[in-house]
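Worksheet: the structure to be examined is printed underneath.
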Protein chains: 2
Amino acid sequence: MPQQPSPAKPTIGDVAAKAGVTKATVSHAFSGRRPISEATKARVFAAAEDLQWLPSASARALATSRANAIGIVLARDPAILASDTFFPAFIAGVESVLADAEVALVLQVAGSREAEERAYRAMASGRADGVIILDLHRADWRVPYVHQLGLHGVVLGAYDAPSPFTCVRTDDATPMAEMVDHLRGHGHTRIAHVAGPLDYVHSHVRSQAYVAAVGSDDLLTEGDFGAGSGRDRTAELLARPEPPTAIIYANDTMAIAGLSYARSIGLSVPADLAIAGFDDDHLSAHLSPALTTVATDPTERGRVSATALLADIAGEPARNIELDCTRLQLRDSTRTAPIPQGEEGR
Amino acid sequence: MPQQPSPAKPTIGDVAAKAGVTKATVSHAFSGRRPISEATKARVFAAAEDLQWLPSASARALATSRANAIGIVLARDPAILASDTFFPAFIAGVESVLADAEVALVLQVAGSREAEERAYRAMASGRADGVIILDLHRADWRVPYVHQLGLHGVVLGAYDAPSPFTCVRTDDATPMAEMVDHLRGHGHTRIAHVAGPLDYVHSHVRSQAYVAAVGSDDLLTEGDFGAGSGRDRTAELLARPEPPTAIIYANDTMAIAGLSYARSIGLSVPADLAIAGFDDDHLSAHLSPALTTVATDPTERGRVSATALLADIAGEPARNIELDCTRLQLRDSTRTAPIPQGEEGR
DNA sequence: ATGAAAGCGCTAACAC
DNA sequence: GTGTTAGCGCTTTCAT
């Protein structure tokens, strides 16, 4: 039989009484914000232990005007959210630093711009001290909005204006250029790119890097990160009069769907078509052929973002953090040069 | 240039002053907990709007002793978390009901039993009014622990003792039995099962159902839900003197890894080996062959769990909810009978 | 229909 | 090294 739910929750006053001191002493014994003799400290801890006292988070929040929590508002379509390998790994990184700091994470999923604003206002109303802004758009309205709400913040991505917040950036252009080089090295000349939604900063940057590297946007097309769009864009590309011999996808989900489609119409990978993704999904290394991709270490980015946000909340000035966390994972899906089919080689 | 972070946040007192009423009136105008004349209501709303007043969540929490938040503590290994299609979809379902109720979701990832207890205590200290208990184990310690902390709760899964909380159950046995039937119907007699960790209630139930259906546990083996274990268990099964002709995996991640492995050693799916998963991962329908699996509607389960938790918090009695949300998705990875290889037929 | 005032459980000046 | 005393910004009796 489980114990009774505690009859009446003990307060700091009860602990103080039991230890024969005042509330202030109890408070300071725990916070260490002023020296307390070892003797009384011991009595206080014993009393607290005895009463199973848990300091009230809301009372503390009210007294200090600090929520001791940070927030993340997810604006993604739930379907896309579910197909996302980035998010859980990112959260894991964030939590790993929050846990030590005794800071909580408040999550909110918003389906519309209005809901999103409501969510940020809720955060600002004392649920969170700051927020991490993800999935940065170009000229993202959330940066000034969040700032004006008086929240602290950190931006994951390269904000395209002077930012009041720390930006945690990754170099998305280089791995794309490297990937194109890698494919060229295997003899490919018609290399396509299925981008993510181009209003995302990172999608945009990558597609720009792609265009710069291949020198044309003829084989550039836009997906939505979902498996369905990976298949559809692939079908369209392969139906062209001059189909690509290699495709770089903006994420592994689309790449895997594309790979499966290519196979289903009788192409062999990488012999007929080379396939590369982005993200290094947990499955990618275990497919056959294993998928060439770009690992982007979401967990590390989560750790760094959370650390930066806590620093911002602690009053440190905003700064720019450039993360070097992308790694090309060359695997079998791009390793063999394709057999040029009735084409004048290169 | 973004606006200044609000110089001094207005309080309910400021609104009251501006509207020429008292704090009580402002409070009631918004909560509707007592009749206020239309005229003053209008003045109050105008003042609030003017001052951009956001009621303080922590002050309200302290005054009402309600956090207006619920919690989820994730005990999963981050690596497994990341390979998990269940979680983001579940969250999406949870949030869809929380948003309407103006309740927040507090998330915590705990890496050890100790961290997990700390996390629940943090929730109980006023961060959350109740929690959803996921990934239920047999004789799960968290149920009595959470109850004794005075938290409200809901359990996702079948708790194996009298539960003080509402349990949201799904019938995991039936789809497994149906899957075995389906494979038998295609002529399979050596059907293996790569289970999830057997200390999870649902893994256990499914594997029991599997054993009951096939009448033996010779071909039962245990994975960890990760792609690597899917590959390894598959390799072991296929290396046996009498390898299975069909494998049912406890999730799609392991199934996809298994499928890829089988192919990499020259087997064709489903001709040589039929493959089935569980979960209906977003990729599964887009593979070739498309993966037969069991859809389990995590979003719906999230919605129902959150609704049940809010009911519990509102004081309604615990009850048992049996959800009918599993559906066999029969696809190509199991559709053709295998060619019996030097074996005396059916 | 509205006002006045007493808390909710902490923290933080300010004393001594 | 410890006690006293105000609040933090709400909600909610109790009055009127």
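Residue numbers begin at 1 in each chain, while the letters A, B, ... track the order of the sequences.
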Is the shortest side-chain N to carboxylate O distance from R113(A) to E116(A) below 4.0 Å? no
Can you give me the closest heavy-atom contact between A67(A) and R127(B), atom names plus distance? O-NH1, 3.5 Å
Heavy-atom contact window of chain B on DNA chain D, given 5' to 3' at under 4.0 Å: dG9(D) to dC14(D)
Report for the helix from dA1(C)-dT16(D) to dC16(C)-dG1(D): angle between first-end and last-end helix axes, five pairs each, rounded to 10 degrees. 30°
All salt bridge (charged side-chain N to carboxylate O under 4.0 Å, His left out) counterparts of D297(B), not counting sequence neighbours: none
When V168(B) is tested against each of V155(B), V304(B), T307(B) for side chain to side chain contact (heavy atoms under 4.5 Å, CB included), which residue passes? V304(B)
Distance-minimising heavy-atom pair for A16(B) and V26(B): CA-CG2, 3.6 Å
Within the side chain of T64(B), is there an N or O that forms a donor-acceptor pair under 3.5 Å with the backbone of R60(B)? yes
Heavy-atom side-chain proximity of L105(A) to V106(B) below 4.5 angstrom: no
Strictly below 4.0 Å, heavy-atom distances to any atom of DNA chain D: list the hits from residues 44-51 of chain B, or just say none. none
I need the residues from residues 20-29 of chain A with at least one non-hydrogen atom less than 4.0 Å from DNA chain D; give them sorted by number, or say none. G20(A), V21(A), T22(A), A24(A), T25(A)
Can you give me the closest heavy-atom contact between S305(A) and I132(A), atom names plus distance? CB-CD1, 4.1 Å
Categorize R33(A) for me: base, sugar-phosphate, or nothing, with a 4.0 angstrom heavy-atom threshold over every strand shown. sugar-phosphate
The criterion is salt bridge (charged side-chain N to carboxylate O under 4.0 Å, His left out); which residues satisfy it with D50(A), sequence neighbours excluded? K18(A)
Base, sugar-phosphate alone, or nothing: which one does S31(A) contact when heavy atoms must sit under 4.0 Å apart? nothing
What residues in residues 53-70 of chain A put a non-hydrogen atom under 4.0 Å from any atom of DNA chain D? L62(A), A63(A)
Counterpart residues, ring-ring contact (aromatic ring centres under 6.0 Å, His included), relative to Y200(B) (two or more places apart): H137(B), H202(B)
Those residues at least two apart in sequence (or on a different chain) that pass side-chain contact (heavy atoms from CB on, under 4.5 Å) with T25(B) are V21(B), T22(B), I36(B)
Measuring only between side-chain heavy atoms, which start at C-beta, is R66(A) closer than 4.5 Å to I313(A)? yes
Strictly by side-chain hydrogen bond (donor to acceptor under 3.5 Å, both in side chains), give each pair with a member in residues 149-166 of chain B just once, sequence neighbours left out. H152(B)-D312(B)
For DNA chain C, note the earliest and the latest nucleotide, 5' to 3', having some atom under 4.0 Å of a heavy atom belonging to chain B. dA1(C) to dG9(C)
Go nucleotide by nucleotide along DNA chain C from the 5' end; which of P35(B) and G13(A) gets its closest nucleotide reached first? P35(B)
Residues which pass side-chain hydrogen bond (donor to acceptor under 3.5 Å, both in side chains) with N320(B), listed by chain and number, not counting sequence neighbours: R169(B)
Taking side chain as C-beta onward, heavy atoms only, is P164(B) less than 4.5 Å from V143(B)? yes
Working for side-chain contact (heavy atoms from CB on, under 4.5 Å), residues L309(A) and D129(A): CA-CA 9 Å; L309(A) 180 51; D129(A) 303 315; over 6 Å; no
Evaluate V154(A) against L156(A) for side-chain contact (heavy atoms from CB on, under 4.5 Å), listing each step before the verdict. CA-CA 7 Å; V154(A) 56; L156(A) 186 65; over 6 Å; no
Show the nearest heavy-atom pair for residues V201(A) and A158(A), with the distance to one decimal. CG1-O, 3.8 Å
